[in-house]
*Asks:* 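My questions all concern the structure below.
Atoms considered below: every heavy atom in the structure, side chains included; atoms not considered: hydrogens, waters and symmetry mates.
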Amino acid sequence: MGAGSSLHVGQHIGDLKSPGNQRFFADTIGHLRGLFEVTPRYVAHDLHPDFHSTRYARSCTDMEPVAVQHHHAHMASCMADNGLDRPVLGVIFDGTGYGTDGTIWGGEFLVGDYRGFERAGHLARFRLPGGDKAVREPARVAIALLTQYLGQEAKSLPLPLLEHRDPFEVDVLMKMTERGVNAPLTSSMGRLFDGYSALLGVCEEVGYEGQAAIELEQLIAWDHTPATPWPLRLDEEDGRLVVDHGPWLESLLTGLTERRGGGGLSRAFHESVVHAVVEVCLRLSRRHGVPDVVLSGGVFLNQHLLTRVEQDLTAAGLRVHTHRRIPPNDGGISVGQAMVAAARAVAQDATN
């Protein structure tokens, strides 16, 4: 909740799908308004039309709702954490966020400031067979990736992921992916980490949020020594840079065939993501004349990825900004939403 030059961040509430948390959410807002004696003019909310927070915001008749795209809010939260009020490059990696095109974003390269942004690049899209079920079962993501790049030939791969599953289930998931039936498109880096974790046999089904990616990072044993990345292929799509992860999948399958260790393959995957981030940021920095890069989103809770990206971007001559006081995951997104809403309100007042 913001007023003047002050911004007050409430405690973590949790998943708003729970009726109890929905009540707690409303009570917390009422408590903060009374505690700080604030009567807000605007209420910021996520762009997703079906979120409880969106419905709540639109029900507030005493405030004007302001929709803020999820990854723009992440970028703005890191900007606020670092006292930035100028255009930046935002590398925003997380699991899920509703995009302006109606697809699921999550591997984004944005250029902009508090008032607005351009989607200048993103991870190549892939499908999530079963939608939310794919979030809980990284094996589904792995099968979708194999299907996308290898088609029906993927069935013959000697992978435990495939050998230990019901062939009928594998066939159904492959057909869902090929036909796009109940298999939404995503550019999510978080889901890509999940898929690679399952491909390596690390985690095929999660018991808590982020488990697959966490266990994939643990294979590196917190050793931040650089390694040789897999090949990088960048495409252009409607003026945006798109990171094609097909060559990474080919390299991973080669490594598995040659029985390379999981630690080495996890390190190579991490290093490939680092290499992609640096190359895309350098190109976008030259294209847009922006030297500042902010890193945000839940994927950057991965300390190996964060450390290596910061090292290589800095070595490349860019100014890197990371979270210090505000969480990089959705725990800090309200700050970004408030900053974006405030910036738009100021701009609107200036034109009136």
*Asks:* Verify the cluster assignment for Leu306 and Val280: are they in a single hydrophobic cluster under the rule of side-chain heavy atoms below 4.5 Å apart?
*Replies:* yes
*Asks:* Taking the side chain as every heavy atom from C-beta outward, state whether Leu249 and Leu146 have any pair of such atoms under 4.5 Å apart.
*Replies:* yes
*Asks:* Does Arg23 have more than 12 heavy atoms from other residues, nucleotides or ligands lying within 6.0 Å of its CZ?
*Replies:*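 Counting neighbours around CZ of Arg23, 12 or fewer heavy atoms of other residues, nucleotides or ligands fall under 6.0 Å, so no.
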*Asks:* Indicate the atoms forming the closest heavy-atom contact of Ala212 with Pro138, along with that distance.
*Replies:* CB-CG, 3.9 Å
*Asks:* Run the numbers on Phe126 and Thr177 for side-chain contact (heavy atoms from CB on, under 4.5 Å), then give the verdict.
*Replies:* CA-CA 9 Å; Phe126 53 97; Thr177 300; over 6 Å; no
*Asks:* So, for His72 and Phe117, is the gap between ring centers shorter than 6.0 Å?
*Replies:* yes
*Asks:* Are Leu234 and Val273 connected in the hydrophobic side-chain network, where two residues link if heavy atoms are under 4.5 Å apart?
*Replies:*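 Yes: a chain of side-chain contacts under 4.5 Å links Leu234 to Val273.
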*Asks:* Using a strict cut-off of less than 4.0 Å between a Lys/Arg side-chain nitrogen and an Asp/Glu carboxylate oxygen, indicate whether Glu178 and Lys175 qualify as a salt bridge.
*Replies:* no
*Asks:* Taking only Lys NZ, Arg NE, NH1 and NH2, and the carboxylate oxygens of Asp or Glu, determine whether Arg240 and Glu118 approach each other closer than 4.0 Å.
*Replies:* no
*Asks:* Using the ring pair (Phe, Tyr, Trp, His ring centres under 6.0 Å) criterion, which residues pair with Phe109? Sequence neighbours excluded.
*Replies:*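 By the ring pair (Phe, Tyr, Trp, His ring centres under 6.0 Å) rule, Phe109 matches Phe93.
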*Asks:* For a quick test of reading the model, state the closest non-hydrogen atom pair linking Pro129 to Arg140 and the distance between them.
*Replies:*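 Scanning both residues completely, I find the closest heavy atoms to be O-NH1, 3.1 Å.
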*Asks:* State whether Arg136 and Asp132 are salt-bridged, where the test is any N-O pair (Lys NZ or Arg NE/NH1/NH2 against Asp/Glu carboxylate O) under 4.0 Å.
*Replies:*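 Looking at Asp132 together with Arg136, the answer is no, because their closest N to O distance does not fall below 4.0 Å.
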*Asks:* Check for me whether the distance between the ring centres of Tyr56 and Phe51 falls short of 6.0 Å.
*Replies:*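 Judged by ring-centre distance (under 6.0 Å), Tyr56 and Phe51 do not meet the cut-off.
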*Asks:* With a 4.0 Å cut-off, would you call Arg41 and Asp62 a salt bridge?
*Replies:*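 So Arg41 does not pair with Asp62 through a salt bridge.
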*Asks:* Is the shortest heavy-atom distance from the side chain of Val202 to the side chain of Leu219 under 4.5 Å?
*Replies:* yes
*Asks:* Under 3.5 Å, side chain of Thr103 to main-chain N/O of Thr186, donor-acceptor pair present?
*Replies:*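 No, the answer is negative, given that no donor and acceptor are paired below the 3.5 Å cut-off.
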*Asks:* State whether the number of non-hydrogen atoms from other residues, nucleotides or ligands found under 6.0 Å of Gln311 atom CD is greater than 12.
*Replies:* yes
*Asks:* Any donor and acceptor pair, going by atom type alone, linking the side chain of Asp94 with main-chain N or O of Gly298 inside 3.5 Å?
*Replies:*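 No; zero donor-acceptor contacts below 3.5 Å.
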*Asks:* Side-chain contact test, heavy atoms from C-beta onward, threshold under 4.5 Å: evaluate it for Leu161 versus Glu204 and give yes or no.
*Replies:*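 In contact.
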*Asks:* Taking the basic N atoms (NZ, or NE/NH1/NH2) and the acidic carboxylate oxygens, is any pair closer than 4.0 Å for Asp113 and Arg86?
*Replies:*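 Result for this pair is no, no salt bridge flagged.
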*Asks:* Checking the side chain of Arg55 only, and the main-chain atoms of Asp50 only, is there a donor and an acceptor separated by less than 3.5 Å?
*Replies:* yes
*Asks:* Among the clusters formed by ILVMFWY side chains lying less than 4.5 Å apart, do Leu305 and Leu313 turn up in the same one?
*Replies:* yes
*Asks:* Scan side-chain atoms only and decide if His74 and Asn329 contain a donor-acceptor pair under the 3.5 Å cut-off.
*Replies:* no
*Asks:* Contact between Ile92 and Val299 at the side-chain level, heavy atoms closer than 4.5 Å - yes or no?
*Replies:*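 Heavy-atom side-chain distance check fails, nothing below 4.5 Å.
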*Asks:* Could you tell me whether the side chain of Arg127 and the main chain of Met176 form a donor-acceptor pair under 3.5 Å?
*Replies:* no
*Asks:* Below 4.0 angstrom, N of the basic side chain to O of the carboxylate: do Glu279 and Arg283 qualify?
*Replies:*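 Counted as a salt bridge, because a side-chain N and a carboxylate O are separated by less than 4.0 Å.
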*Asks:* Is a side-chain N or O of Glu236 found less than 3.5 angstrom from the main chain of Leu241, in a donor-acceptor match?
*Replies:* no
*Asks:* Examine the side chains of Glu205 and Gln211 and answer whether a donor and an acceptor come within less than 3.5 Å of each other.
*Replies:*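 Judged by distance alone, the side chains do not pair up.
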*Asks:* Side-chain contact test, heavy atoms from C-beta onward, threshold under 4.5 Å: evaluate it for Val91 versus Phe300 and give yes or no.
*Replies:* yes
*Asks:* Ignoring hydrogens and angles, tell me if any N or O in the side chain of Ser197 forms a donor-acceptor pair with the backbone of Ala213 under 3.5 Å.
*Replies:* no
*Asks:* What I'd like to find out is whether the side chain of Leu145 reaches to under 4.5 Å of the side chain of Tyr196, using heavy atoms alone.
*Replies:* yes
*Asks:* Are the side chains of Val293 and His321 in touch, meaning some heavy atoms are under 4.5 Å apart?
*Replies:* no
*Asks:* Does Gln303 offer a backbone N or O that forms a donor-acceptor pair with the side chain of Glu217 under 3.5 Å?
*Replies:*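 Yes, Glu217 side chain to Gln303 backbone: donor-acceptor pair under 3.5 Å.
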*Asks:* Applying the side chain to side chain donor-acceptor pair (under 3.5 Å) criterion to Glu108, which one of Ser188, Ser296, Ser187 satisfies it?
*Replies:* Ser187
*Asks:* Below 4.0 angstrom, N of the basic side chain to O of the carboxylate: do Arg119 and Asp101 qualify?
*Replies:* yes
*Asks:* Tell me yes or no: between the side chains of His70 and Asp330, is some donor less than 3.5 Å from an acceptor?
*Replies:* yes
*Asks:* Side chain of Arg115, backbone of Ala343: donor and acceptor closer than 3.5 Å?
*Replies:*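 Such a contact is absent between Arg115 side chain and Ala343 backbone.
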*Asks:* Can you see which heavy atom on Trp248 is nearest to which on Ser272, and at what distance?
*Replies:*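 Looks like CZ2-O, 3.4 Å.
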*Asks:* Indicate if Leu89 and Leu84 have the same hydrophobic cluster label, given that clusters are the connected sets of ILVMFWY residues with side-chain heavy-atom separations under 4.5 angstrom.
*Replies:* no
*Asks:* Transitively linked via ILVMFWY side-chain contacts under 4.5 Å: Leu123 with Val242?
*Replies:* no
*Asks:* For the pair Glu137 (side chain) and Ala139 (backbone), establish whether a donor and an acceptor sit closer than 3.5 Å, ignoring hydrogens and angles.
*Replies:* no
*Asks:* What heavy-atom pair brings Pro247 and Pro231 nearest, and what distance separates the two atoms?
*Replies:* CB-O, 3.7 Å
*Asks:* Shortest non-hydrogen contact from Met339 to Ala80?
*Replies:* CG-CB, 3.9 Å
*Asks:* Decide yes or no for Ile104 and Leu185: does some side-chain heavy atom of the first lie under 4.5 Å from some side-chain heavy atom of the second?
*Replies:*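 No, too far: nothing below the 4.5 Å cut-off.
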*Asks:* Classify the ring geometry between His245 and Tyr149 as parallel (under 30°), tilted (30 to 60°) or perpendicular (over 60°).
*Replies:* perpendicular
*Asks:* Mark yes or no for whether Ser266, through its side chain, and Gly263, through its backbone, hold a donor-acceptor pair below 3.5 Å.
*Replies:*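 Not at all, since once roles are kept as given, no pair shorter than 3.5 Å links the two residues.
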*Asks:* Side chains of His304 and His224 only: does a donor on one sit below 3.5 Å from an acceptor on the other?
*Replies:*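 Checked: His304/His224 side chains pair up, N/O donor to acceptor below 3.5 Å.
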